[in-house]
Structure formats: structure tokens, C-alpha cells
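Quick notes on the structure that follows.
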Amino acid sequence: MQASDLKQGMWVEHQHEIAEIIAVDPSNNTVIIENQNDHQRSSVSCEEITDQPQLHTGCDRYY
């Protein structure tokens with residue numbers, strides 16, 4: 001994905017884990033995400049992010 005496709009608060013998949021986007025840095029094409037299992041934050045390239053349309057805001061489970 002590209003930074004322009006991502007927004008703060010979106011739920012995405014990273015390394016088969018559900019994460020919330022905390023911040024987007026379009027100049028470096030990176031995001032800060034928070035893993036929902038252990039609440040650790042990390043900065044990752046947007047290309048490592050997989051959009052999960054089945055996730056909805058405010059819920060960390062698939063419908």
C-alpha cells in the first residue's frame with residue numbers, strides 16, 4: 001500500500017497480526033502501527049501493510 005491510501009485509526013494487517021495505524025508519514029512512505037495483541041508500536045514501510053476491508057473501526061475482529 002501507499003501512504004496516501006492509509007489514515008490514522010485504520011485497522012490493517014501486518015505480519016498476520018491486526019494493527020491500528022497511529023500515524024502516517026507520507027514523505028517516507030511509512031506508518032507507525034500498534035499491534036493489538038501486545039500493544040507494541042513500530043514504524044514500518046507502507047509496502048508491508050495489507051489492507052483488511054473485513055476489519056471495521058473500533059473492533060479488532062473479523063466480521
Without swapping roles, check the side chain of Asn29 against the backbone of Ala3 for a donor-acceptor pair under 3.5 Å.
yes

Please give me the minimum heavy-atom distance between Glu20 and Gly9, naming the atom from each residue.
OE2-CA, 3.7 Å

Taking side-chain hydrogen bond (donor to acceptor under 3.5 Å, both in side chains) as the definition, give me every residue that meets it alongside Ser45, ordered by chain and number, with sequence neighbours left out.
Glu47

Is the closest side-chain heavy-atom distance between Ile21 and Val12 below 4.5 Å?
yes

Tell me the closest heavy-atom pair linking Asp5 and Met10, and the distance in Å.
O-SD, 3.8 Å

Answer yes or no: is there a side-chain heavy-atom contact under 4.5 Å between Val31 and Ile49?
yes

Run the side-chain contact (heavy atoms from CB on, under 4.5 Å) test on Ser42 and Asn35 for me, step by step, so that the C-alpha distance in whole Å, both residues' side-chain angles and the decisive distance to 0.1 Å come before the verdict.
CA-CA 8 Å; Ser42 55; Asn35 184 303; over 6 Å; no

Among the clusters formed by ILVMFWY side chains lying less than 4.5 Å apart, do Ile32 and Val24 turn up in the same one?
no

Where Ile33 and Ile22 come nearest, the two heavy atoms and their spacing:
C-CG1, 4.2 Å

Step-by-step side-chain contact (heavy atoms from CB on, under 4.5 Å) determination, His14 to Val44
CA-CA 9 Å; His14 178 254; Val44 297; 3.6 Å; yes

Who pairs with Glu34 by salt bridge (charged side-chain N to carboxylate O under 4.0 Å, His left out), at least two apart in sequence or on another chain?
Arg41

Drop me the distance from Glu48's CD to Met1's CE, to the nearest 0.5 angstrom.
13.5 Å

Okay, side chain of Asn28, backbone of Thr30: is any donor-acceptor separation there less than 3.5 Å?
no

